[in-house]
Participant: 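My questions all concern the structure below.
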Amino acid sequence: MALYSEKVMDHFRNPRNVGFLADADGVGEVGNAKCGDIMKVYLKIDNDTVSDVKFETFGCGSAIAASSMATEMIKGKPLPEVLKLTNKAVAEALDGLPAHKLHCSVLAEEAVRAAIKDYYDKNGVEYDQSQFPDCASCHICGE
Ligand code: FES
């Protein structure tokens with residue numbers, strides 16, 4: 001069996017929604033301390049719904065494929081639904097990632113979450129802090 005699924009290869013070779021939004025309502029940038037990869041997500045939000053999304057990922061092929069898939073999965077979705085996006089769902093939508101590459105999909109989930117938090121913060125929207133784990137409560141990068 002090939003290491004990477006057809007879908008991973010497709011999203012790696014032809015990533016959807018690459019770029020940035022100059023008029024983004026929320027921007028989220030996260031990095032993985034171990035591999036040094038960085039992902040930035042830009043959201044345009046109308047009526048509590050993601051009306052447009054772009055990403056810039058400086059990282060491995062799996063991270064690029066996961067970013068691309070994640071943006072496809074959240075476009076046009078209401079924020080409460082977007083907040084339920086998990087890295088597991090992104091990896092499944094890609095027909096799986098090798099075990100040692102699963103952390104790359106975590107980057108996508110976190111970048112989306114960070115962008116929503118940025119939008120909430122900028123607009124004075126109240127939210128449940130536990131939906132946005134900070135470094136102290138996260139053990140992904142082992143810092
Ligand atoms: Fe760093 Fe994939 S190896 S995100």
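Whatever order the structure lists ligands and atoms in, that order sets their numbers, starting from 1.
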Participant: Taking only heavy atoms of Cys60, which atoms of ligand 1 are found under 4.0 Å from at least one of them?
Facilitator: 2 (Fe), 3 (S), 4 (S)

Participant: Apply side chain to side chain contact (heavy atoms under 4.5 Å, CB included) to Lys75 and Asp52, showing your working.
Facilitator: CA-CA 6 Å; Lys75 209 181 218 178; Asp52 202 5; 3.6 Å; yes

Participant: Decide whether Ser105 and Asn87 meet the rule of one side-chain donor and one side-chain acceptor closer than 3.5 Å.
Facilitator: yes

Participant: Any idea which atoms of ligand 1 are less than 4.0 Å away from a heavy-atom of Ala63?
Facilitator: 4 (S)

Participant: How does His103 reach ligand 1, by side chain, by backbone, by both or by neither, if only non-hydrogen atoms under 4.0 Å count?
Facilitator: side chain

Participant: Near Cys104, which atoms of ligand 1 are under 4.0 Å from a heavy atom of that residue?
Facilitator: 2 (Fe), 3 (S), 4 (S)

Participant: Do Phe55 and Pro15 have side chains that approach each other closer than 4.5 Å (heavy atoms only, starting at C-beta)?
Facilitator: yes

Participant: Under 4.0 angstrom from ligand 1, any heavy atom of Lys101?
Facilitator: yes

Participant: Heavy-atom count around Tyr127 OH within 6.0 Å, excluding the residue itself: above 12?
Facilitator: yes

Participant: Taking backbone and side chain together, does Cys35 place any N/O/S atom at a distance below 2.8 Å from atom 1 (Fe) of ligand 1?
Facilitator: yes

Participant: Of all heavy-atom pairs between Asp25 and Ile45, which one has the smallest distance, and what is that distance?
Facilitator: OD2-N, 2.7 Å

Participant: If you check every N/O/S atom of Asp37, which is the one nearest atom 1 (Fe) of ligand 1?
Facilitator: OD2

Participant: Do NZ/NE/NH1/NH2 and the carboxylate oxygens of Lys77 and Asp48 come within less than 4.0 Å?
Facilitator: no

